[in-house]
Amino acid sequence: MVKLIGFKKVKTAVFVSGKGSNLKSLIKFSKTRKSPISIDLIISDNYKAEGLKYSKLNKIKKKVFNFKKKYKVENKILHILKNYDIRLICLAGFMKILSKNFLIKFKGKILNIHPSLLPKYKGLNTHKRALDNNEKYSGCTVHFVNSKLDSGKIILQKKVKIKKNETKSSLAKKILAQEHKLYPKAILNIFNL
Ligand code: GAR
């Protein structure tokens, strides 16, 4: 087992737009001894994101931005990330697309989790599309973010079986439970742990 005594955790920001269940699982993971990351900042584009509650609960700073003026906002965020010495970004249900200008600044240091077996079902409504196509399997993917939607290098995937009577919501629930395990595993993986 790799010992991380004296190991300085990599400061990480998590970007969320909604419920934040992946954020919750990442925070839990970040507090374990084996985690190579600490979560130091939560960023959102949505003032009403449920996930923001994990800021107060865990004493993690949060910042919320209106993305209407995207370039301006992204530059503001870049500035804040620098101030917080953030070295890694985890997108966790973040529903805005980051511009090339932003991505270049964090090249190879932005991860995303997506609820399908990429390259299948990029974008939205993944579960409905998988069911409509009578897929036998679906799943989730953690990947590096590049300038094309849901297309960066895949780090890890987890497959789940689709049952005969599966519904959109039962499939979403089943996959989300796997996402919570997959994201921490993918982080260990990129640090070769
Ligand atoms: C998750 O299923 C995540 O994979 C998905 O949004 C959900 C967020 O849930 N992300 C995307 O669809 C990104 N394209 P959470 O807020 O409870 O973590």
Side-chain angles (χ1 to χ4, degrees), residues 12-31 35 37 39 41-58 60 62-65 67 70 74 88-99 102-103 106 109-133 135 137-162 166-187 189-190:
T12 300
V14 181
F15 286 34
V16 296
S17 298
K19 221 166 153 242
S21 70
N22 276 292
L23 166 64
K24 184 184 176 196
S25 98
L26 285 175
I27 292 172
K28 191 173 170 207
F29 167 68
S30 74
K31 291 179 177 172
S35 169
I37 64 160
I39 293 172
L41 187 59
I42 298 166
I43 302 257
S44 184
D45 61 315
N46 176 9
Y47 292 88
K48 291 185 177 155
E50 242 188 87
L52 290 171
K53 70 178 177 211
Y54 297 111
S55 154
K56 206 170 179 186
L57 287 171
N58 296 280
I60 300 171
K62 67 167 192 280
K63 306 267 178 195
V64 188
F65 299 93
F67 265 68
K70 192 160 144 177
E74 284 186 345
L88 182 74
I89 294 174
C90 293
L91 307 183
F94 184 64
M95 296 315 211
K96 287 281 185 293
I97 293 173
L98 297 164
S99 73
F102 187 97
L103 298 178
F106 268 83
K109 297 193 173 88
I110 309 180
L111 313 182
N112 181 40
I113 188 151
H114 185 76
S116 78
L117 293 173
L118 291 173
K120 279 191 166 180
Y121 308 115
K122 297 172 183 175
L124 300 174
N125 299 317
T126 53
H127 307 312
K128 180 179 186 307
R129 287 187 285 147
L131 291 174
D132 287 350
N133 283 342
E135 295 282 2
Y137 294 93
S138 187
C140 45
T141 304
V142 178
H143 64 95
F144 287 106
V145 174
N146 67 11
S147 59
K148 288 192 191 131
L149 180 69
D150 300 327
S151 299
K153 187 174 174 242
I154 291 172
I155 301 161
L156 276 183
Q157 292 188 304
K158 176 72 184 179
K159 208 168 162 183
V160 306
K161 203 165 167 31
I162 298 181
E166 201 81 70
T167 63
K168 228 171 55 180
S169 73
S170 69
L171 182 59
K173 198 172 161 197
K174 198 153 80 177
I175 291 177
L176 196 59
Q178 292 305 324
E179 291 183 35
H180 300 155
K181 297 182 198 162
L182 193 70
Y183 219 155
K185 267 193 195 166
I187 289 170
N189 186 302
I190 64 162

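Just so you know, ligand 1 is whichever comes first in the structure, and atom 1 is the first atom listed for that ligand. The shown structure was predicted, so the numbers you read here are calculated from the model rather than taken from an experiment. All residue numbers in this chain count up from 1 along the given sequence.
Residues His180 and Ser21 approach most closely at NE2-OG, 2.8 Å, considering heavy atoms.
Using a 4.0 Å cut-off between charged nitrogen and carboxylate oxygen, Lys161 and Glu166 do not count as a salt-bridge pair.
Residue, atom and distance of the protein heavy atom nearest to atom 10 (N) of ligand 1 are Ile113 O, 3.7 Å. Among all non-hydrogen protein atoms, the one lying nearest atom 2 (O) of ligand 1 is Glu179 OE2, 2.8 Å. Among protein heavy atoms, the minimum distance from atom 14 (N) of ligand 1 is reached at His114 ND1, 3.3 Å. Protein heavy atom in closest approach to atom 17 (O) of ligand 1: Ser21 OG, 2.5 Å. Among all protein heavy atoms, the one lying closest to atom 12 (O) of ligand 1 is Pro115 CD, 3.4 Å. Scanning the protein heavy atoms around atom 7 (C) of ligand 1, the nearest turns out to be Gly93 CA, 4.3 Å.
Ring-centre distance between Phe65 and Phe15: not below the 6.0 Å cut-off.
Screening His114, Glu135, Lys128 for a side-chain hydrogen bond (donor to acceptor under 3.5 Å, both in side chains) involving Tyr121 leaves a single residue, Glu135.
Considering backbone and side-chain N/O of Asp150, none are found under 3.5 Å from N/O of ligand 1. The N/O atoms of Asn22, backbone and side chain alike, include one that comes under 3.5 Å of an N/O atom in ligand 1. Taking any N or O of Leu23, backbone or side chain, none lies under 3.5 Å from an N or O belonging to ligand 1.
Side-chain contact check for Ser151 and Lys122: at least one donor-acceptor pair (N or O, by modelled atom type) lies under 3.5 Å.
By the 4.0 Å heavy-atom criterion, Gly20 is counted among the residues contacting ligand 1. Put simply, no part of Val16 is less than 4.0 Å from ligand 1, judged by heavy atoms. Note on ligand 1: Met95 sits in its first shell, one or more heavy atoms being nearer than 4.0 Å.
Going from atom CD1 of Ile27 over to atom CD1 of Ile60 covers 4.0 Å, rounded to the nearest 0.5 Å. Between Thr126 atom OG1 and Lys168 atom NZ the span is 10.0 Å, to the nearest 0.5 Å. Rounded to the nearest 0.5 angstrom, Glu74 CD and Phe102 CZ are separated by 6.0 Å.
Between Val142 and Asn189, the closest side-chain pair of non-hydrogen atoms is not below 4.5 Å.
Which parts of ligand 1 touch Lys19 is read off a 4.0 Å heavy-atom cut-off, strictly below it: atoms 16 (O), 17 (O).
Neither the backbone nor the side chain of Ile175 has any atom closer than 4.0 Å to an atom of ligand 1 (non-hydrogen atoms only).
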